[in-house]
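Since the model is a prediction, treat every value here as computed from it, not as a measurement.
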Number of protein chains: 2
Amino acid sequence: MASVNAQAAKASKSKRDPESVRQRILQAALAEFSDKGLGGARVDVIAQRADANKRMLYHYFGNKDDLFLAVLEHAYRDIRSAELELNLDNLSPEDGMRKLVAFTFDYFIKAPYFINLLNSENLHRARHLRRSQAILDMHAPVVGLITDLLRRGIAEGVFRADADPIQVFITNASVGYFYFSNVHTLSTIFGRDLSEKDELEARRRHVIDVVLGYLRPT
Amino acid sequence: MASVNAQAAKASKSKRDPESVRQRILQAALAEFSDKGLGGARVDVIAQRADANKRMLYHYFGNKDDLFLAVLEHAYRDIRSAELELNLDNLSPEDGMRKLVAFTFDYFIKAPYFINLLNSENLHRARHLRRSQAILDMHAPVVGLITDLLRRGIAEGVFRADADPIQVFITNASVGYFYFSNVHTLSTIFGRDLSEKDELEARRRHVIDVVLGYLRPT
DNA sequence: GGGCTAAGTAACTAGTCAGTTACTTGTGGA
DNA sequence: TCCACAAGTAACTGACTAGTTACTTAGCCC
């Protein structure tokens, strides 16, 4: 307790807080890369949004590309670790899958930056992500969740026997991702704001129905 | 016949072919915007890819943004008109829907530029598309196709009664779009090339199963 | 207190970029 | 043949960009 207070007192008197500056840059970069894409984001703007000196951006992250990779790792780590906390083991296969699909949809609402980050990374052919062993290691456990749900569902006769975990993982992401990634064009085309609450609720129900409807035995 | 030959002879002797230059610029722009996004594409590169003088790009299209909109209109026109030629009326609701889903998936393979163009346009919040009445007018007929299929399927008791045409339109696009838009990150994550023929065939079968499985009556 | 290093400030730099300017050439119609 | 205008060439321009340089300040440890 005394050491926490000593640290807090020290931090409030200090003119320098490297970890805070570093985090502010990371968050500002996440926002700027999400808004503008990797190519459109400007390091001056990131520094400004972070209320930091541009020099510090290079100091902490090296260059623009490496900053983008740091942002990407942060984003992936967030969603993948949240998925692992869903505790699907304790649910029926159907409820587990329902919870996972709903979680994914809700996550895209909560973390809208994720989609534009992935779009940018794919525009650059995953060249950043290839350099990150951390990101690569994040996915096996999540696919394992789906594999387990499918296995249980098939064993109980409530899921179709030909469901493939990776295809289901991709489809689970698909039905929400596309909606959000194209929300501007779709809203314009259909002349209604697809990011409004009622629209989101309708879409959420639909995506759950799509995945659960597909999984019904044939 | 004589007039066709006269035109061909005239064209082959001419040093100027404005329509050809214009088309070359449009195609080069489509490629460059698809590869690099709107922000990353360079007008010098587009001109070079078109084997045209940069001045002509401004001459024909005004500026970079307007060129992007021309490309977007071209891309939408292509997919939307192809959809209308599917002749789904003559098929059972199930076969019609199967054909549409397969068509959409195959279209993304055939016209890979479409996805990156839409990603760019959404990154820019559909600000180009809003200026195009032509694009806005292209969608009602296609949604009408799905509405008809669903209506027939529900009447025949082979589709679920709660299926919504717009949601199905979006889901039809979702299950393929996400796969292709994220093919680089997904391939890296799963350590396999998801653009290979076998992978594409597996995914194609899956997306048809997802939509048709979902549509089964409850 | 002093020295050293990390953290930080501010200005600079060379190259890039969309768009413009100045001029030339080709073509069609009178 | 001549003229006018569209199509075309090539160079230029001012602003922007990621990254660098030169220097200062803060904080920690001896």
Between CD of Q48(B) and P of dA18(C) the distance, given in whole Å, is 13 Å

When rounded to whole Å, the CG to P distance for the pair L57(B) and dA7(D) reads 14 Å

Is a donor on one side and an acceptor on the other found under 3.5 Å between the side chain of [X] and the backbone of [Y]?
X	Y	result
K54(B)	I46(B)	no
R55(B)	A52(B)	no
S120(A)	L117(A)	no

Exercise: do [X] and [Y] side chains pair donor with acceptor under 3.5 Å:
X	Y	result
H128(B)	E121(B)	yes
R203(B)	S195(B)	no
Y113(A)	D35(A)	no

Would S181(B) and N122(A) count as a side-chain contact (heavy atoms from CB on, under 4.5 Å) here? Give the steps. CA-CA 7 Å; S181(B) 76; N122(A) 278 282; 6.0 Å; no

Relative to each other, are the rings of Y179(A) and F105(A) parallel, tilted or perpendicular (30° and 60° limits)?
tilted

Polar atom pairs (N or O), protein with nucleotides 9-15 of chain C, under 3.5 Å:
none

### Task
Give a yes/no on whether any side-chain N or O of Y60(A) is located under 4.0 angstrom from OP1 or OP2 of dA6(C).
no

Distances under 3.5 Å between nitrogen or oxygen atoms of protein and nucleotides 14-17 of chain D:
from	atom 1	to	atom 2	distance (Å)
dT17(D)	OP1	R42(A)	NE	2.4
dT17(D)	O5'	R42(A)	NE	3.1

